[in-house]
Amino acid sequence: MIEARHLRVLRAVAATGSFSAAARELGCTQPAVSQQMKALEGAAGTPLLIRSGREMRLTEAGRALVRHATGILAGLTAAEEEVAAIAGLRAGRVRLVSFPSGSSTLVPMALAEMRAAHPGTRVSLVEAEPPGSVEMLRSGDCEIALAFRYPQMSEEASGGAEWDDLVLRPLLNDRLVGVVPEGHKLAGAGAVGIAELAGEPWIAGCPRCRGHLVEVCESEGFTPRIDFATDDYPTVVGLVGAGLGVAVLPELALESVRAKGATTLEVEPAVRREVVALTLPDLARVPAVAATLDRLEQAAHR
């Protein structure tokens, strides 16, 4: 295998015309130059220099290798500089995938702080609900996925098993609250048992959230009649506000939604979802990824 250090020696020998002059240029000894040239000729499988007395000339193979060495070494230097910039957070990129309520609450502050601290690092964002976001992480379409799961659900239903080999950064436990129309008979109750809403039409969210809603309701003795289903939380609140049903939503989702015509209630049994940031073990050691995870955690604790 031809090594970069051997190419540097060959180029110095070609430029200076002797081992001793090349050694002075490279800051090493003449025997070291001779040894590395011997190793390079062994790797090349053909002579690269013709020695005649004090004169030293390149063979045809030697001239070809010197010609390529210039581009190879220039490219390697550029690569080293780019890697150093990425390692020092002066460059690089992080592709982040988040579910919508995370995108509107946790992500903006985290990305603003990343840009302020490391302006050379680019962080992009696309939205996807789990398990789609986790699949994107596994397929190489992102470096970090924000996801959530419901600990009360079975491991298979909550998606927990699919995270076993990932690096998990806990962010927060997000409490779920009831959302009912302002004119609803329970609107002023403050807190209700979820079974008190058994006869209501329901508005449900993403597939994982719908599955969790059904599990919770069935554990309280009824199956919810889901009339509407949407991944868009403002739409859920709008439907509730219009008197078309009731819902259970994460508090995080309500932070950025104007609850016009709707009011919130505490529900029993208390339910929380676990919000986390996920990445692959190798990616967790990349400085830009680690810094972004830190900023997300800081944003979650404010």
Side-chain angles (χ1 to χ4, degrees), residues 97-110 125-130 132-133 146-153 157-158 171-275 299-300 302:
V97 177
S98 173
F99 54 93
S101 58
S103 299
S104 62
T105 53
L106 302 177
V107 171
M109 184 181 298
L125 170 68
V126 297
E127 287 189 342
E129 297 276 2
S133 55
L146 257 64
F148 60 85
R149 63 183 172 187
Y150 295 97
Q152 299 89 345
M153 296 178 71
S158 71
L171 298 181
L172 56 87
N173 286 312
D174 191 15
R175 187 171 65 100
L176 271 64
V177 297
V179 187
V180 300
E182 286 181 346
H184 193 277
K185 62 183 179 182
L186 296 174
V192 297
I194 200 167
E196 295 180 64
L197 300 171
E200 303 285 346
W202 284 81
I203 301 153
C206 69
R208 181 165 289 179
C209 297
R210 290 199 293 275
H212 175 255
L213 172 65
V214 171
E215 279 198 15
V216 171
C217 291
E218 288 182 345
S219 71
E220 294 298 304
F222 72 98
T223 299
R225 191 191 90 204
I226 297 174
D227 285 357
F228 305 97
T230 173
D231 293 350
D232 185 67
Y233 290 127
T235 300
V236 173
V237 175
L239 291 169
V240 172
L244 296 172
V246 300
V248 173
L249 289 179
E251 283 189 317
L252 201 63
L254 293 170
E255 284 188 21
S256 56
V257 177
R258 183 184 174 195
K260 185 178 180 181
T263 189
T264 60
L265 304 166
E266 289 188 22
V267 293
E268 297 292 341
V271 178
R272 296 179 183 271
R273 67 175 183 174
E274 181 185 7
V275 178
R302 289 201 173 107

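Atoms considered below: every heavy atom in the structure, side chains included; atoms not considered: hydrogens, waters and symmetry mates.
In this structure a side-chain-to-backbone donor-acceptor pair under 3.5 Å is missing from R272 to D174.
Taking each heavy atom of V237 and R258 in turn, the nearest pair found is CG1-O, 4.0 Å. Closest heavy-atom contact between V246 and P181: CG1-CD, 4.2 Å. For the pair E220 and A195, the tightest heavy-atom approach, listed with the atom from each and the gap, is O-CB, 4.1 Å. Contact record, A300 with L106: CA-CD2, 3.6 Å, taken as the closest heavy-atom pair. Minimum heavy-atom separation, C206 to D231: CA-OD1, 3.1 Å. Shortest non-hydrogen contact noted between A189 and L265 is N-CD2, 4.3 Å.
No side-chain heavy atom of V271 sits under 4.5 Å from any side-chain heavy atom of V248. Contact annotation: the side chain of V214 approaches that of P224 to within less than 4.5 Å [non-hydrogen atoms, C-beta and beyond]. L176 has its side chain within reach of Y150: a pair of non-hydrogen atoms, C-beta onward, lies under 4.5 Å apart.
Considering V192, T263, T264 in turn, T263 is the only one that fulfils the side-chain contact (heavy atoms from CB on, under 4.5 Å) rule with V180.
Separation of atoms CG (L252) and CG (L171) is listed at 10.0 Å; rounding is to 0.5 Å. Between the CD1 atom in I203 and the CG atom in L249 there is a gap of 9.0 Å [rounded to 0.5 Å]. Expressed to the nearest 0.5 Å, how far CD1 of I194 lies from CG of L213 amounts to 6.0 Å.
Using cut-offs of 30° and 60° on the angle between ring planes, the pair F99 and F148 is perpendicular.
Under the side chain to side chain contact (heavy atoms under 4.5 Å, CB included) criterion, S104 pairs with S256, sequence neighbours left out. For E274, the salt bridge (charged side-chain N to carboxylate O under 4.0 Å, His left out) partners are R149, not counting sequence neighbours.
If you check the side chains of E127 and S103, you find a donor sitting under 3.5 Å from an acceptor.
Sequence neighbours left out, the pairs with a member in residues 175-197 that pass side chain to side chain donor-acceptor pair (under 3.5 Å) are R175-E251, H184-E200.
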